[in-house]
Structures are given as structure tokens and as C-alpha cells.
Amino acid sequence: MEEEKKKEAEENMEEPTRDIEKEMEQEADKADVDAILSEEQTGEENESKGETETPNAAEEEMTSSKTDGDSQKEASDEGKERKFFKKKKDKKDEKIEELTDRLTRQMAEFDNFRKRTEKEKANMYAIGARDIVEKILPVVDNFERGLATVEHPEEDPFADGMNKVYKQLTKTLEDLGVTVIEAVGKEFDPNLHNAVMHVEDETVDENIIVEEFQKGYKYKETVVRHSMVKVAN
């Protein structure tokens, strides 16, 4: 009987310890489950944070672009306001500018007209002078032919008078710009000379003028009459 009582007492003592061990095991299992649940919840929160961060960045970019657009719009609005509030020119000032521009244009046109007219006048004067000189040259030729027939014109009063008139006429032509074209001994130039004869002459070089039949004249830089010459081949 005593042994049975001892066993019962031992069993009664073991049951609380078993209950305590079960409770400890249950608490450990619960702690593990809580840890697992907390990890899963943490992962979900991180994912949700990542998803929410992306739209925030996009919203920031949109916000920045909006601010840039707003600043440009404000700048354009300020420019428009400046133009709007810019002081307009007075009608008198505009009229003065218009008249000044018109006067400047008319003065330039008049200056061009004056230069063109002066050039035309100079050309007309040169043409007229050349025509007159061309008509006087036959008179000069006749004086030269007449004086050539007199051997000593200074001894003949009439011939001497003719010679003085001839010199006065040639001096007047020289003063007007009429010059004689050099011919004899010069190389033939078709712009100045008119070759009417050719001769074989070994004493002179080829294409050299050996004789002049009629004098040629120039008025300033224009040929009035070509020299009539004989050229050596």
C-alpha cells in the first residue's frame, strides 16, 4: 500500500511538470508562428512601399515639368505685358521719320541722276568736239599742201602769213586735246594706222612704217582719223 501511494505521489508530481513542458512547447511554437507572420508582413510592406515610391517619382517629375512650363509661361506673360505697356511712338515722330527717310531717298536718287547727267553731257561734248575736229582736219591738210609747194615761205609775205595762220590753228587744236599720231619709223598698229601699201625693204624691220600719206589725229584718247601709211614687209 505504501508503494502504491508513493507511485501516485510521484505521478502527481510528474503531471504538473508535463503541463509546464507542454505550455513551454506551445509558447515556442506560437513564437515561431509569430516570427514567420511578422516576416511575411514585413515583406508585403516593403513591396507596397516600392510600388508606392515609383508613382511618387513620376509625380515629382510631372511636378517639375509643370513648374518649368509655368515659369516659361510666366516669362512669356511678362514679355507680353512689357510690350503691352511699352510706350507707343507719337504720330509726329512717326511722320518725321517717314519724311526723313523719303528725303534721304530723293537726295540719293538726285545724286545718281546728277552723276548720270554729267557723264552723258561729257560724252555728248566729246562726240561733238570729235565731229568738229574731224571737219577741221581737211583745212589743216590744205594748209600743209599749200605750204609744201613753197620752198622758202619766210621770204614770201603771203606764204609767211599762211604759215602763221597754220601754226595758230594747230596750236589751238593742241590746246583742245588734238594730237598727231606718230607713224614713220613706228611699228604698224591697226588701231592707229591704216596700211594702204606694202613694200619690200630689207633696210628696215618687218611691219615698220616707212612712209606716211596722210596724218592721223587723236582727240584726247579717241582716234579721230587713222594715219594712211606704207608698211614694209
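- Residue Met162 is tested with Asp156, Leu147, Val150 for a side-chain contact (heavy atoms from CB on, under 4.5 Å); the sole match is Leu147.
- Under the 4.5 Å side-chain contact rule for hydrophobic residues, Val140 and Val165 share a cluster.
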Glu94 and Glu98: CA distance, side-chain angles, deciding distance, side chain to side chain contact (heavy atoms under 4.5 Å, CB included) verdict: CA-CA 6 Å; Glu94 292 179 355; Glu98 181 182 354; over 6 Å; no
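- Atom CG of residue Asp141 and atom CZ of residue Arg145 lie 5.0 Å apart, to the nearest 0.5 angstrom.
- A salt bridge between Arg130 and Glu134 is absent, with no side-chain N of the basic residue lying under 4.0 Å from a carboxylate O of the acidic one.
- The NZ atom of Lys167 sits 13.5 Å away from atom CG of Leu169, with the distance rounded to the nearest 0.5 Å.
- Annotation: the span from Lys121 atom NZ to Lys119 atom NZ amounts to 15.5 Å, rounded to 0.5 Å.
- For His198 (side chain) and Asn207 (main-chain N/O), no donor-acceptor pair under 3.5 Å exists by modelled atom type.
- Listed here is the closest heavy atom pair of Val133 and Val178: CG2-CG2, 3.6 Å.
- Annotation: Gln168, atom CD; neighbour count of heavy atoms from other residues, nucleotides and ligands within 6.0 Å does not exceed 12.
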Per-pair distances, 0.1 Å, donor-acceptor, side chain in residues 208-221, under 3.5 Å, sequence neighbours excluded:
{"unit_1": "Glu211", "atom_1": "OE1", "unit_2": "Lys230", "atom_2": "NZ", "d": "3.0"}
{"unit_1": "Lys215", "atom_1": "NZ", "unit_2": "Glu144", "atom_2": "OE2", "d": "3.2"}

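- In this structure, CE on Met124 lies 7.5 Å from CD1 on Ile127, to the nearest 0.5 angstrom.
- One hydrophobic cluster, built from ILVMFWY side chains closer than 4.5 Å, holds both Ile136 and Tyr125.
- A distance of 10.0 Å separates CG in Leu176 from NZ in Lys171, rounded to the nearest 0.5 Å.
- Using a 4.0 Å cut-off between charged side-chain N and carboxylate O, Glu109 and Arg105 make no salt bridge.
- Under the 4.5 Å side-chain heavy-atom criterion for ILVMFWY residues, no single connected hydrophobic cluster contains both Met228 and Ile181.
- Atom CZ of Arg225 is separated from atom CG of Asn194 by 11.0 Å, given to the nearest 0.5 angstrom.
- Under the 4.5 Å side-chain contact rule for hydrophobic residues, Val180 and Val139 share a cluster.
- For Glu174, there are no salt bridge (Lys or Arg N to Asp or Glu O under 4.0 Å) partners at least two apart in sequence or on another chain.
- No side-chain donor-acceptor contact under 3.5 Å links Asp101 to the backbone of Glu97.
- By the criterion of side-chain heavy atoms lying less than 4.5 angstrom apart, applied directly or through intervening Ile, Leu, Val, Met, Phe, Trp or Tyr residues, Val231 is not grouped with Val204; the two fall into different hydrophobic clusters.
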